[in-house]
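Below: the structure, in structure tokens.
Below, chain A is the first sequence line, B the second, and so on; all start at residue 1.
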2 protein chains.
Amino acid sequence: MSIERPTNTNAQLTPTSYLVLGLLAREGPSTPYDLKRHVAATIGHFWSFPHALLYKEPPRLVELGLVTEEREQDGRRRRLFSITDAGRQALRAWLGRPARQPTELRDLGLLQLFFADLEPTTARLAIAGEQLTLHRAQLAGYEAGQRFEDGRDGPGAVSRSIEHWRGVTLRMGLLYERAAVEFWAGVATHVGIADAAAARVRAEDDGTRIA
Amino acid sequence: MSIERPTNTNAQLTPTSYLVLGLLAREGPSTPYDLKRHVAATIGHFWSFPHALLYKEPPRLVELGLVTEEREQDGRRRRLFSITDAGRQALRAWLGRPARQPTELRDLGLLQLFFADLEPTTARLAIAGEQLTLHRAQLAGYEAGQRFEDGRDGPGAVSRSIEHWRGVTLRMGLLYERAAVEFWAGVATHVGIADAAAARVRAEDDGTRIA
DNA sequence: CCAGACATGTAACAGGTTACATGATTCG
DNA sequence: CGAATCATGTAACCTGTTACATGTCTGG
């Protein structure tokens with residue numbers, strides 16, 4: 001309608017935006033630090049959102065009118081953000097459009113493995129070993145969380161919705177880490193086998209050729 | 001030693017850098033399009049590298065002295081990039097330092113699920129259904145690839161190293177997609193069950209309360 | 001020979017990352 | 001009471017994304 005385009009209305013909402021909107025919608029007015037804590041307890045386990053982001057995103061949303069800011073008056077002067085009706089609307093609209101993008105699985109270990117066949121066996125074993133250790137530790141963490149969840153009764157100090165998050169996090173985390181452990185264990189043994197086979201060949205050939 | 005710092009020597013190498021270095025190391029001199037093709041066939045399945053990146057990264061590496069550029073003389077004037085010794089060295093150094101960062105698993109569907117409990121059951125079912133469809137399709141793709149790999153003899157048109165990539169891609173892809181399908185199937189049935197239970201409660205209570 | 005797909009590239013913008021900095025609490 | 005950790009924030013830089021643009025081949 002109007003000739004002058006409203007300054008920021010055309011900006012796209014990123015996953016980060018929806019994360020913040022969603023948290024504000026369910027946890028109520030929050031400081032960036034609150035957001036950080038909630039993220040760390042749940043989705044932060046497999047999708048990292050550095051804290052600086054969670055301090056920067058809310059002001060962006062304020063400009064779009066999806067969030068309001070309020071500053072404490074006393075010493076701390078912390079910023080407290082709340083979702084607006086427009087924000088709720090944007091969130092619901094997004095939830096009504098199931099995402100189609102495939103999962104991004106960004107794994108440096110995998111990238112290293114891709115190129116590791118240029119390297120000596122020891123390097124490949126080191127990579128696989130490191131990844132195995134990492135993923136086993138993660139898996140153990142999720143399993144501990146699982147046991148903790150199982151062995152307890154009523155809701156604790158956290159809100160019901162956060163419990164839901166935790167449940168989702170645990171299940172997905174468990175399944176993924178199991179897959180990862182299986183994968184890397186396979187890699188390790190394959191490399192090991194190849195190594196043993198190569199050693200055998202070297203021994204048999206007695207230096208005739210380099211396998 | 002010298003007082004003036006060499007312009008770019010301090011720049012960090014990103015995963016993208018190592019991807020390019022690795023590809024140039026094993027596939028030899030390549031055009032950005034070659035890189036794009038290789039990526040699409042392998043790691044691109046779960047870590048997207050938009051083609052613009054693969055056109056932009058090599059020149060960056062040229063400035064660092066890790067890569068050299070050569071332009072075709074005839075009509076096309078394509079840019080052909082090759083890795084230098086310094087580049088190879090950087091790559092090997094990186095491969096010698098197994099990565100410790102945990103996997104980033106960025107999944108919009110998961111993010112939506114996290115907030116979907118604010119929404120009516122239908123919305124949650126829609127999300128779970130969409131994700132199930134998506135992941136089943138991916139899984140089918142990997143399984144087809146697997147069958148293809150199994151049922152054939154010698155090396156085809158692609159290089160041996162690319163076959164190695166394909167193998168890694170297939171195995172990790174299969175394992176991850178299986179986990180994802182299991183996860184989303186679970187979500188769908190849980191939501192379905194909750195839905196059925198809620199319906200039952202509503203029927204029994206006969207409108208006394210809204211469950 | 002036209003249309004569509006494949007191939008090749010560039011530029012602007014903005015979101016995300018890294019680094020810096022410092023005020024409050026808690027614990028020993 | 002000092003040290004370590006928690007909490008809070010800002011700013012610059014730069015990568016990655018998005019959008020635009022056009023050239024070249026292939027098949028019908």
Side-chain angles (χ1 to χ4, degrees), chain A residues 5 7-21 29-41 43-44 47-64 66-67 69-81 101-102 104 106 108 111, chain B residues 5 7-21 29-41 43-44 47-64 66 69-81 99 101-102 104 106 108 111:
Chain A
R5 73 170 62 159
T7 325
N8 271 316
T9 308
N10 45 344
Q12 290 301 321
L13 295 182
T14 68
T16 309
S17 315
Y18 291 113
L19 175 66
V20 171
L21 288 177
S30 312
T31 68
Y33 189 69
D34 293 332
L35 299 176
K36 178 192 156 172
R37 237 167 348 108
H38 284 137
V39 168
I43 204 182
W47 187 337
S48 80
F49 292 92
H51 82 278
L53 248 189
L54 302 178
Y55 279 88
K56 196 201 286 189
E57 186 64 21
R60 273 212 275 268
L61 297 175
V62 168
E63 289 198 11
L64 297 175
L66 306 178
V67 158
E69 175 179 353
E70 196 181 350
R71 266 195 126 106
E72 272 183 356
Q73 289 310 327
D74 54 321
R76 275 283 183 155
R77 306 209 68 240
R78 285 181 301 183
R79 312 160 119 205
L80 195 66
F81 296 93
Q101 283 96 334
E104 288 269 323
R106 304 185 176 187
L108 281 184
L111 200 56
Chain B
R5 72 170 63 157
T7 326
N8 272 315
T9 308
N10 46 343
Q12 289 302 322
L13 295 183
T14 68
T16 309
S17 315
Y18 292 113
L19 174 67
V20 170
L21 287 176
S30 311
T31 69
Y33 189 69
D34 293 332
L35 300 177
K36 177 193 155 173
R37 233 162 357 102
H38 284 138
V39 168
I43 203 181
W47 188 338
S48 80
F49 293 92
H51 83 278
L53 248 190
L54 302 178
Y55 279 88
K56 197 202 285 190
E57 186 64 21
R60 274 213 273 269
L61 297 175
V62 168
E63 289 198 8
L64 297 176
L66 306 177
E69 175 179 352
E70 196 181 350
R71 264 195 126 105
E72 273 184 354
Q73 289 309 327
D74 53 323
R76 275 282 184 157
R77 306 211 67 239
R78 286 181 301 183
R79 314 159 118 206
L80 196 66
F81 296 92
Q101 283 97 334
E104 289 268 324
R106 305 185 176 185
L108 280 185
L111 200 56

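Look at CZ on R78(B): it is 8 Å from P on dG9(C), rounded to the nearest Å. A straight line from CG of D34(A) to P of dC6(D) spans 16 Å, rounded to a whole angstrom. Between the P atom of dG9(C) and the CG atom of L35(B) lies a distance of 11 Å, rounded to the nearest Å. The distance between atom CH2 of W47(A) and atom C1' of dG15(C), rounded to the nearest whole Å, is 13 Å. Rounded to whole Å, the distance from CG on L54(A) to P on dG15(C) is 15 Å. The OH-C1' distance, from Y55(B) to dG9(C), rounds to 6 Å in whole Å. Remark: P of dC14(D) and CG of L61(B) are 15 Å apart, rounded to the nearest angstrom.
For R71(A) and dT8(D), the shortest distance from a side-chain N or O to OP1 or OP2 is not below 4.0 Å.
Applying the side-chain hydrogen bond (donor to acceptor under 3.5 Å, both in side chains) criterion to S17(B), with sequence neighbours excluded, gives T14(B), E57(B). The side-chain hydrogen bond (donor to acceptor under 3.5 Å, both in side chains) search around E104(A) returns R106(A), S48(B), not counting sequence neighbours. Residues passing the side-chain contact (heavy atoms from CB on, under 4.5 Å) test with P102(A), sequence neighbours excluded: none. Partners of Q101(A) according to the side-chain hydrogen bond (donor to acceptor under 3.5 Å, both in side chains) rule, which considers only residues two or more places apart in sequence or in another chain, do not exist here.
Y55(A) and H51(A) have perpendicular rings, their planes meeting at more than 60° on a 0 to 90° scale where under 30° would count as parallel.
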Short N/O separations, protein against nucleotides 16-19 of chain C, under 3.5 angstrom:
unit_1  : atom_1 : unit_2 : atom_2 : d
dG16(C) : OP1    : T16(A) : OG1    : 3.3
dG16(C) : OP2    : T16(A) : OG1    : 3.2
dG16(C) : N7     : K56(A) : NZ     : 2.7
dG16(C) : O6     : K56(A) : NZ     : 3.1
dT17(C) : O4     : K56(A) : NZ     : 3.3

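One finds the CD1 atom of I43(A) at 4.5 Å from the CG atom of L111(B) (value rounded to the nearest 0.5 Å).
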